[in-house]
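Data first, discussion second: the structure below is written as C-alpha cells.
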There are 2 protein chains.
Amino acid sequence: MSVSTSQVKLRVLPSGRTRILDEAAKLFLSGGYGDTSLRDIASAVGIQPASIYHHFHSKEELFTEILRIGVEHTTRAFDEVTETLATTLRSLDPQETLLAHIEAHLIALFEHGPYTAANIVAFPVAPEAVKSAVVPIRDQYEQRWDTLLQSLATSGLLDPNLDVRMARRILLGSINSTIEWFTPKQYSRKKKDAQSVNDLANVMTTLVWKGIAR
Amino acid sequence: MSVSTSQVKLRVLPSGRTRILDEAAKLFLSGGYGDTSLRDIASAVGIQPASIYHHFHSKEELFTEILRIGVEHTTRAFDEVTETLATTLRSLDPQETLLAHIEAHLIALFEHGPYTAANIVAFPVAPEAVKSAVVPIRDQYEQRWDTLLQSLATSGLLDPNLDVRMARRILLGSINSTIEWFTPKQYSRKKKDAQSVNDLANVMTTLVWKGIAR
DNA sequence: GTCTATAAATCGATAGAC
DNA sequence: GTCTATCGATTTATAGAC
C-alpha cells in the first residue's frame with residue numbers, strides 16, 4: 001500500500017461538526033433519510049437537536065454532505081491506485097489493474113464505513129433535492145471507470161461484443177451490492193472462505209474477468 | 001413464452017385493497033418507508049387516510065405486504081421457468097438454463113414494477129420489524145438459486161475454485177442493481193444497445209458466464 | 001458553539017357516524 | 001368500506017440567552 005505525503009498526522013479528536021457527520025452517517029445508513037430524525041442524531045452525539053443547525057442549514061444539507069464525503073473517499077481511493085500503477089515499473093497486467101481498482105473501491109466501501117455505504121443503501125430512496133446534488137460527483141467517479149474499461153477495450157483485452165458502459169454499470173453494481181451481505185473479519189481465520197476485503201476483491205475480480213464457467 | 005392455464009381471466013378493476021397496495025408500492029419505491037406518509041398514499045388512491053386502516057392494521061403491515069408480494073412474484077417466475085425447462089425434451093444447456101432464470105428474474109423486476117423493485121431499493125433501509133418479517137421468504141427464493149448453481153457445480157460446469165454461495169450473492173446483486181439504471185424500451189429501435197429486458201438478460205448472462213475478458 | 005424554549009406543521013392511529 | 005373529526009406524539013426549524 002502506498003503512503004501518502006500526509007500520512008503522518010495527529011490523531012485529532014473529532015470536532016463537533018465531524019461528530020455530527022459520523023453519527024448521522026451511521027443512522028442514515030441503517031434507517032434511511034426519512035426514518036432518521038435530527039433528535040436521533042443529536043442524541044447519538046450527545047447534544048441538543050438545535051445545535052445541529054449551527055453546523056448545517058437543514059437536514060437535507062447534512063445528508064447531502066455525508067453522501068458527498070462518501071463519494072470523495074471513493075474517488076480519492078481510485079485516483080491513488082491509478083497514480084500508484086502509473087509509477088510502477090513492471091508491466092501492467094490488465095487483471096491486476098482491475099483487481100487493484102476493485103480492491104480500492106471495496107476498501108473505501110467497508111473501511112470508510114457509513115459515508116460510502118450510505119451512498120449505496122440510502123441514496124436510491126433519498127429526496128430528489130439530495131439526489132440532484134450528489135449525482136454530478138457520482139458521475140465523475142463513474143467516468144473514471146468508463147475510461148479505465150475503455151482503455152482495456154481499445155487494447156483488445158475485452159470481449160469486443162461488450163458494451164463498455166453497460167459492463168461498467170453491472171461491474172459497479174455487483175461490487176456495491178456486497179455491502180448487503182459481506183462483513184470483513186480481519187482477525188478470523190476459521191474458514192477458507194473470503195474473510196478479508198482483499199479476499200473478496202480477488203473473488204470479485206476473477207468472477208468479473210473470467211465468469212463462473214469452467 | 002409459456003402460457004399458464006389461468007392465462008384467460010377477466011380484467012378486473014382493482015379493488016380498494018389492491019389500489020392501496022399499487023399506489024403505496026410506487027411511493028415506497030421512490031421515497032422509501034419513512035418519507036412516505038399514509039396521507040400521501042391515501043391521496044394517490046383518492047381516499048381518506050383513515051380508510052387505509054380498514055384494510056391494514058398499520059403502516060408497517062402495509063409495507064411488509066408489498067415486499068411479500070414482490071418476493072412472491074419473483075419466486076413464482078423462477079419456479080415457472082424450472083418447470084418449463086424440466087418438461088422440455090431437448091437437452092439442457094447450462095448457459096441457456098442460466099439465461100432463462102436470469103430473464104425470469106429481470107421480467108419480474110421490471111414488469112411487476114414497484115412490488116419487486118421495492119425489495120431492492122427500499123428493503124435495505126426498512127424498519128427492523130419489516131425486515132424480520134420478509135427475510136424468511138427472501139431466503140426461500142435465494143435457496144432456489146443456491147440449488148441451481150450447486151447442481152451446475154456438481155456437474156463440473158462451474159469454476160471449481162468458486163464458492164457457490166458467494167457466487168449466488170454476487171450474481172443476484174448484479175442482476176438486482178440493474179433496477180437503478182436500466183429502463184426497458186419495448187418499442188424503441190433507435191440503437192443497437194440493449195433495449196428490451198430480453199436483451200439485458202442476454203448481456204447479463206454472457207457476462208456472468210464468460211466474464212468480460214476476451 | 002451549545003443551550004432552553006417553542007413555533008408550526010405533519011405524523012400514525014383511533015372513534016364513531018353513515 | 002369509506003367518511004369526518006381529532007388525539008397525542010413527533011417532526012423540522014427558529015429565536016434568543018449564555
Side-chain angles (χ1 to χ4, degrees), chain A residues 12-68 118 122-123 125-134, chain B residues 12-68 118 122-123 125-134:
Chain A
V12 180
L13 282 178
S15 68
R17 180 185 156 95
T18 304
R19 295 266 334 269
I20 293 170
L21 286 166
D22 285 349
E23 297 300 328
K26 290 184 210 166
L27 290 169
F28 284 138
L29 172 61
S30 60
Y33 181 78
D35 269 335
T36 301
S37 69
L38 294 177
R39 277 175 169 74
D40 295 335
I41 297 168
S43 173
V45 178
I47 58 176
Q48 294 301 313
S51 303
I52 295 177
Y53 286 90
H54 177 75
H55 303 276
F56 305 94
H57 292 85
S58 68
K59 185 185 173 186
E60 285 198 350
E61 184 187 294
L62 168 59
F63 188 40
T64 302
E65 177 66 1
I66 286 169
L67 297 182
R68 192 197 61 74
F123 175 85
V125 288
E128 283 306 318
V130 175
K131 283 190 185 180
S132 305
V134 183
Chain B
V12 180
L13 284 178
S15 68
R17 179 186 157 94
T18 304
R19 295 267 333 271
I20 293 171
L21 286 167
D22 284 349
E23 297 300 328
K26 289 184 209 167
L27 290 168
F28 284 137
L29 172 61
S30 60
Y33 181 77
D35 268 335
T36 302
S37 69
L38 294 176
R39 282 172 173 77
D40 294 335
I41 297 168
S43 173
V45 178
I47 58 176
Q48 294 301 313
S51 303
I52 296 177
Y53 285 90
H54 178 74
H55 302 277
F56 305 94
H57 291 86
S58 68
K59 186 185 174 188
E60 285 199 350
E61 183 187 295
L62 168 59
F63 188 40
T64 301
E65 176 66 3
I66 287 169
L67 297 182
R68 191 198 63 73
F123 174 85
V125 288
E128 283 305 320
V130 175
K131 283 190 185 179
S132 304
V134 182

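The analysis underlying the following values was restricted to heavy atoms, covering all of them including side chains, and did not include hydrogens, waters or symmetry mates.
Proximity of B:Ile41 to B:Phe28: side-chain heavy atoms (C-beta onward) are separated by under 4.5 Å at one or more points. Considering only heavy atoms from C-beta on, A:Val125 stays 4.5 Å or farther from B:Ser30 through its side chain. Residues A:Gln48 and A:Ser51 meet the side-chain proximity criterion, which asks for heavy atoms closer than 4.5 Å. Counting heavy atoms from C-beta on, the side chains of B:Leu21 and B:Phe56 come closer than 4.5 Å.
In this entry the distance linking OH of A:Tyr53 with P of D:dT12 reads 7 Å, nearest Å. Distance CD (A:Glu61) to P (D:dT14): 11 Å, rounded to an integer number of Å. Atoms CD (A:Gln48) and C1' (D:dA15) sit 16 Å apart, rounded to a whole Å.
Nucleotides of DNA chain C with any atom under 4.0 Å from a heavy atom of chain B span, from 5' to 3', C:dC11 to C:dA15.
Here the shortest heavy-atom pairing between A:Glu23 and A:Ala44 reads OE1-CB, 3.7 Å. For the residue pair B:Thr64 and B:Val134, the shortest heavy atom distance occurs at CG2-CG2, 4.1 Å.
A donor-acceptor contact closer than 3.5 angstrom links the side chains of A:Asp40 and A:Ser37.
Comment: A:Glu65 engages A:Arg17 in a salt bridge, judged by a side-chain N to carboxylate O separation of less than 4.0 angstrom.
Of the residues in residues 28-42 of chain B, B:Thr36, B:Ser37, B:Leu38, B:Arg39 come within less than 4.0 Å of DNA chain C through at least one heavy atom, sorted by number.
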